[in-house]
Amino acid sequence: AIAACEKGDQWERALELIEEVRFSGLQPTSIMYSAAIAACEKGGQWQAALALLDEMRSCGFEPDATTYNTAVLACEKGDQWERALELIEEVRFSGLQPTSIMYSAAIAACEKGGQ
């Protein structure tokens with residue numbers, strides 16, 4: 001259901017579904033978090049995407065490269081070049097290899113920010 005929110009550009013509904021899972025006493029899965037982050041990215045909601053990324057990690061889930069790609073893309077859309085670069089550093093620190101998608105999105109964010 002959350003993945004459908006991404007495709008339907010319904011980031012608010014994705015956040016509601018995450019909240020409903022929590023309210024029911026369950027913990028959202030890493031797949032749910034990743035799908036909600038993607039929905040927020042598609043909706044141009046970089047702050048919500050990064051909040052979900054932080055929550056995902058605080059729940060003990062390690063984001064994969066795809067989730068980080070999406071988070072960096074959200075930063076690009078939000079003109080958040082500093083945060084995009086910070087995420088790439090986090091990726092390196094986590095032991096993952098930054099992808100060309102991450103680098104391209106970070107470069108685009110820097111360009112938009114006049115960096």
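Here, residue 1 is the first one in the sequence, and each next residue gets the next number.
For Glu55, the salt bridge (charged side-chain N to carboxylate O under 4.0 Å, His left out) partners at least two apart in sequence or on another chain are Arg22. The salt bridge (charged side-chain N to carboxylate O under 4.0 Å, His left out) search around Glu111 returns none, not counting sequence neighbours.
With salt bridges taken as basic N to acidic carboxylate O contacts below 4.0 Å, none links Glu19 and Arg13.
With rounding to the nearest 0.5 Å, the separation of CH2 in Trp81 from CD1 in Ile107 is 13.5 Å. Atom OH of residue Tyr68 and atom OG1 of residue Thr99 lie 12.0 Å apart, to the nearest 0.5 angstrom. One distance of note links OH of Tyr33 with CG of Asp54; it measures 11.0 Å at 0.5 Å rounding.
A pairwise comparison of heavy atoms in Ala39 and Ala14 identifies CB-CB, 3.8 Å as the closest pair. Minimum interatomic distance between Ala106 and Ile88 (heavy atoms only, all atoms of both residues): CB-CD1, 3.5 Å. For Val91 against Met102, the heavy-atom pair with the smallest separation is CG2-SD, 3.8 Å. Contact between Pro28 and Phe61 at its shortest, heavy atoms only, is O-CE1, 3.3 Å.
Transitive grouping of hydrophobic side chains (ILVMFWY, heavy atoms separated by less than 4.5 Å) keeps Ile101 and Leu87 in distinct clusters. Put simply, Phe23 and Met56 are part of two different groups of oily side chains (I, L, V, M, F, W, Y) that touch within less than 4.5 Å, one to the next. Transitive grouping of hydrophobic side chains (ILVMFWY, heavy atoms separated by less than 4.5 Å) keeps Leu50 and Leu85 in distinct clusters.
Residue pairs meeting the salt bridge (charged side-chain N to carboxylate O under 4.0 Å, His left out) criterion with at least one member in residues 63-76, sequence neighbours excluded: Glu76-Lys112.
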> Stepwise, does the side chain to side chain contact (heavy atoms under 4.5 Å, CB included) test hold for Ser34 with Leu52?
Replying inline: CA-CA 8 Å; Ser34 294; Leu52 286 167; over 6 Å; no
